[in-house]
Amino acid sequence: QVQLVESGGGLVQAGGSLRLSCAASGISFSPYAMAWYRQVPGKQRELVATIASDGTTNYPDSVQGRFTISRDNAKKTVYLQMNSLKPEDTGVYLCNAHRRMSSWNYDYWGQGTQVTVSS
């Protein structure tokens, strides 16, 4: 039974901060690449941060310098620290776990947590 459970979303004013958490269960976790996406209705889902199994991180220009992804393999948890939030950061934030193997792929998603940034 694989589950990714997000928490930490909420309402915050522009310029504020939030820290999202995604707790995984039912997977070995450490071999997985983890990522955060955000979704706005009617718009294409946007990748906002990735962290590989070795800890390598990547961010798009839209969040570079403001967001930080991290992972705690012992807790099977990935985090997204969001600072200097802007109204355009509003959306449903989704946790993703991905593992590509020679014979098959694993791809799991959380339920999403709402982040709303007011001006």
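Residue numbers start at 1 and run along the sequence shown.
Closest non-hydrogen pair, Val48 versus Tyr93, comes out as CG2-CE2, 4.3 Å. Here the closest heavy-atom approach between residue Gln111 and residue Leu4 is recorded as OE1-O, 3.2 Å. Nearest heavy-atom pair across Cys95 and Met34 is SG-CE, 3.8 Å. Of all heavy-atom pairs between Val92 and Gly112, the closest is CG1-CA, 3.7 Å.
Between atom CG of residue Asn58 and atom CG of residue Leu47 there is a gap of 8.5 Å, rounded to the nearest 0.5 Å. Atoms CD1 and OG1, from Ile51 and Thr56 in turn, are 8.0 Å apart once rounded to the nearest 0.5 Å.
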Next on the checklist: Applying side chain to side chain contact (heavy atoms under 4.5 Å, CB included) to Glu88 and Ser62, what does each step give before you reach the verdict?
Outcome noted: CA-CA 10 Å; Glu88 53 262 44; Ser62 59; over 6 Å; no
Checklist entry - Under the side chain to side chain contact (heavy atoms under 4.5 Å, CB included) criterion, do Phe67 and Trp36 qualify, and how do the steps go? => result CA-CA 11 Å; Phe67 290 11; Trp36 288 94; over 6 Å; no
Checklist entry - So Val117 and Lys86, side chain to side chain contact (heavy atoms under 4.5 Å, CB included) or not? Walk me through it. => result CA-CA 6 Å; Val117 184; Lys86 304 174 180 180; 5.5 Å; no
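Annotation: cation-pi geometry not satisfied between Arg71 and Tyr32 (NZ/CZ under 6.0 angstrom from ring centroid, within 45° of ring axis).
When the salt bridge (charged side-chain N to carboxylate O under 4.0 Å, His left out) test is applied to Glu46, the partners found at least two apart in sequence or on another chain are Arg38.
Proximity of a side-chain donor or acceptor of Tyr59 to a complementary backbone N or O of Ile69 within less than 3.5 Å is detected. For Gln81 (side chain) and Arg19 (main-chain N/O), no donor-acceptor pair under 3.5 Å exists by modelled atom type. Looking at Arg66, its side chain does come within 3.5 Å of a backbone N or O of Ser84 through a donor-acceptor pair.
Heavy-atom contacts from other residues, nucleotides or ligands closer than 6.0 Å to CZ of Arg100 number 12 or fewer.
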